[in-house]
Number of protein chains: 2
Amino acid sequence: MANINDVSRLAQVSKATVSRVLSGSRNVKEESRLAVMRAVEVLNYKPNVIAQSLSNQSTGCIGVVCASENINQTTGYLHALEKQLRLNQKHLLLRFASDAASVAHSLNEIGNGLCDAVIVIGARFPLPPLPHSAITIDCLQSHTERSIQFDHSFAAETASQYLINQGRRNIALINLHDGDAAEQVSQGYHQALEHHLLPYNRQRVFSGENALQRLLNQNVSFNGLLVPDDAMAQEALRLLPQFGRQVPADVMVFSLDSTLPQGASAVPAIAYPLEKLAQRAIALLTAPLSAVAGTAPVRGTLMTPF
Amino acid sequence: MANINDVSRLAQVSKATVSRVLSGSRNVKEESRLAVMRAVEVLNYKPNVIAQSLSNQSTGCIGVVCASENINQTTGYLHALEKQLRLNQKHLLLRFASDAASVAHSLNEIGNGLCDAVIVIGARFPLPPLPHSAITIDCLQSHTERSIQFDHSFAAETASQYLINQGRRNIALINLHDGDAAEQVSQGYHQALEHHLLPYNRQRVFSGENALQRLLNQNVSFNGLLVPDDAMAQEALRLLPQFGRQVPADVMVFSLDSTLPQGASAVPAIAYPLEKLAQRAIALLTAPLSAVAGTAPVRGTLMTPF
DNA sequence: CTGTTAGCGCCTTCAG
DNA sequence: CTGAAGGCGCTAACAG
């Protein structure tokens, strides 16, 4: 593989000039510029990105740590993120993590120069202390700055409204185990109920391990069911019929966080704009400290099947 | 961030000795060794991987190019691969691609030193010429060497057998559009039918755009349905009831390629051992040119729901 | 406009 | 067992 020396030799100029030409500097005589480009062509020269990185102290790599629990959820993000990163000439270094320890472990790969920054996605567990160059998306911790949060309250309220409008007045809720998001969901749910003067029945709310199972074993009636994500929605679609409840006839299931495109979801859902989310993430990485203003939680939109 | 010079200074030895200690060389006096380790500790020194890469001419990064069509399919691989790579101290650089051009484009990121090798996964389109350091998994092209193929024939035959044993003698087939894999599926399907002396009805076989829709609009009876992957299975589960066919009562759907764990799939399926697949991929990358013998196509195993 | 020079941080001979 | 020196390939500051 040819290097910059070969090019400079063939083009009869110095390495510096070659470097200038390739970095698009305007201060180069057209003549030498052409000579360089010709040499580059002939030798099929590609600058070695590692050497560039060492010199620049920046690799163009962004570490992305996905919570491995809800993989299907995070996969949507991944795709969108990869696209945006590619558009910004950046590389995506993927990691999965299931707890604080493994996230911390992954962060070591940026502490030594491989990544310029990291993005943590969808962690439902408390995060370890993050470096300043890190941002979070849809994570438990209210990392306040440099993080993208969803408006779960809005989602829950919108979802409840929808179900109520569909004539489902007995709405059960499977909530996240805990954390700020769970709090918000609970809030939105309550608000919608109040708004329609519907009573709140704590026996219709479950969270944690086997929440769905426990709800079904309980002897409470419900004809609407809010679940936190598509994975749970799938499970509900499988379990409900086994308990003699047809979907959506007997129970209408609603997913509070879907990454599927319009029409692909089997149940109504709140979907978040993947593309915009990814762009915003990139902006957070790129922007120095300005976009602090735009830190408003992201609102999803209502998607209905068919 | 402290560098090797800081350490050598603090430890009162030369950079070379520091390097030796950190690379685990045995030829170092215990005394200097301890001095170095202490200095490392004090300064919280981490070797700069980029500098190492430049020196080693190897980054420890493996590029992984996923076909973006069947994302959900490839996500399973991703997770397994990431785990194995991590276990081998390697990094996973993710890319999505939807055609030969974008794969080729992605390959440029290895031609300049960023990646030591690439793995292409699940491409259902013809691939561009791959460098010698690349391997493929479940791709259209019979890349012959340095590739991991699935035994689709075996899968289709096993699947058909299963359906027949479940009393489904009229089996429809949604096949991949074309390519070696489609050929194999077709073969396995035929073999099973012949084995049971069942007639082959070409009106039950579809492939390409809207294959499922076309099958349903056709006026052919079937009580078993082979689909190429989980995505199509999901779609079948959604569409069939809309056409008045209950699953599995009226039609039993079978997925020929599932990456879901046992019990998670709503339909019977052939599942491939993700973990082993990933290990094999790593082996192909690591091994020089020996494991050519083990290039037998991988056989999936039958998974039934519940 | 251009070449020279000095790094970036590490590894690896090669003499001692 | 150890240190000095050169090299990996590129960028950037500084003279001309």
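Just so it is clear, the values below take in all heavy atoms, side chains as well, and ignore hydrogens, waters and symmetry mates. Chain A is the first sequence line, chain B the second, and so forth, proteins listed ahead of strands; every chain is numbered from 1.
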Check this for me: does any side-chain nitrogen of one of R95(B) and E109(B) sit under 4.0 Å from a carboxylate oxygen of the other? yes

Do NZ/NE/NH1/NH2 and the carboxylate oxygens of D178(B) and R124(B) come within less than 4.0 Å? no

L22(B) atom CG is separated from dC11(C) atom P, nearest whole Å, by 7 Å

Taking only side-chain nitrogens and oxygens of S19(A), does any of them come within less than 4.0 Å of OP1 or OP2 of dA12(D)? no

Give the rounded distance in Å between these two atoms: CG of D6(A) and P of dG9(D). 9 Å

Distance alone, cut at 3.5 Å: any donor-acceptor contact between the side chains of S8(B) and N5(B)? no

What is the distance from CE of M1(B) to P of dC10(C), rounded to the nearest Å? 10 Å

Nucleotide dT13(C), atom C1' - distance to CG of N27(B) in whole Å: 14 Å

Side chain of A16(B): nearest nucleotide among dT11(D), dA4(D), dT2(D)? dA4(D)

For Y45(A), give me all partners under ring pair (Phe, Tyr, Trp, His ring centres under 6.0 Å), at least two apart in sequence or on another chain. none

When all nucleic acid strands are considered with a 4.0 Å heavy-atom cut-off, which category describes V18(B): base, sugar-phosphate, or nothing? nothing

Rounded distance (Å) that lies between atom C1' of dG3(D) and atom CD of Q12(B): 14 Å

Find the distance Y45(B):OH to dG9(C):P and express it as a whole number of Å. 10 Å

Whole-Å distance between dG3(D) P and R9(B) CZ? 14 Å

For dG9(D), does OP1 or OP2 lie under 4.0 Å from any side-chain N or O of S55(A)? no

Is the phosphate of dC11(C) approached by S23(B) (side-chain N or O, under 4.0 Å from OP1 or OP2)? no

Pick base, sugar-phosphate or nothing for N5(B), based on heavy-atom distances below 4.0 Å to the nucleic acid. nothing

On DNA chain C, compare the nucleotides closest to K15(A) and V28(A); which residue's is nearer the 5' end? V28(A)

Could you give the CD1-to-C1' distance, from I50(B) to dC8(D), as a whole number of Å? 13 Å

Between Q57(B) and V13(B), which residue's closest nucleotide on DNA chain D lies nearer the 5′ terminus? V13(B)

Which part of the nucleic acid, if any, lies within contact of S32(B), taking any heavy atom under 4.0 Å across all strands shown: a base, the sugar-phosphate backbone alone, or nothing? sugar-phosphate

Under 4.0 angstrom between N48(A) side-chain N/O and dG9(D) OP1 or OP2: no

Given D257(B), D230(B), D229(B), the one that forms side chain to side chain donor-acceptor pair (under 3.5 Å) with Q73(B): D257(B)

Phosphate oxygens OP1/OP2 of dG9(D): is one of them under 4.0 Å from a side-chain N or O of Q52(A)? no

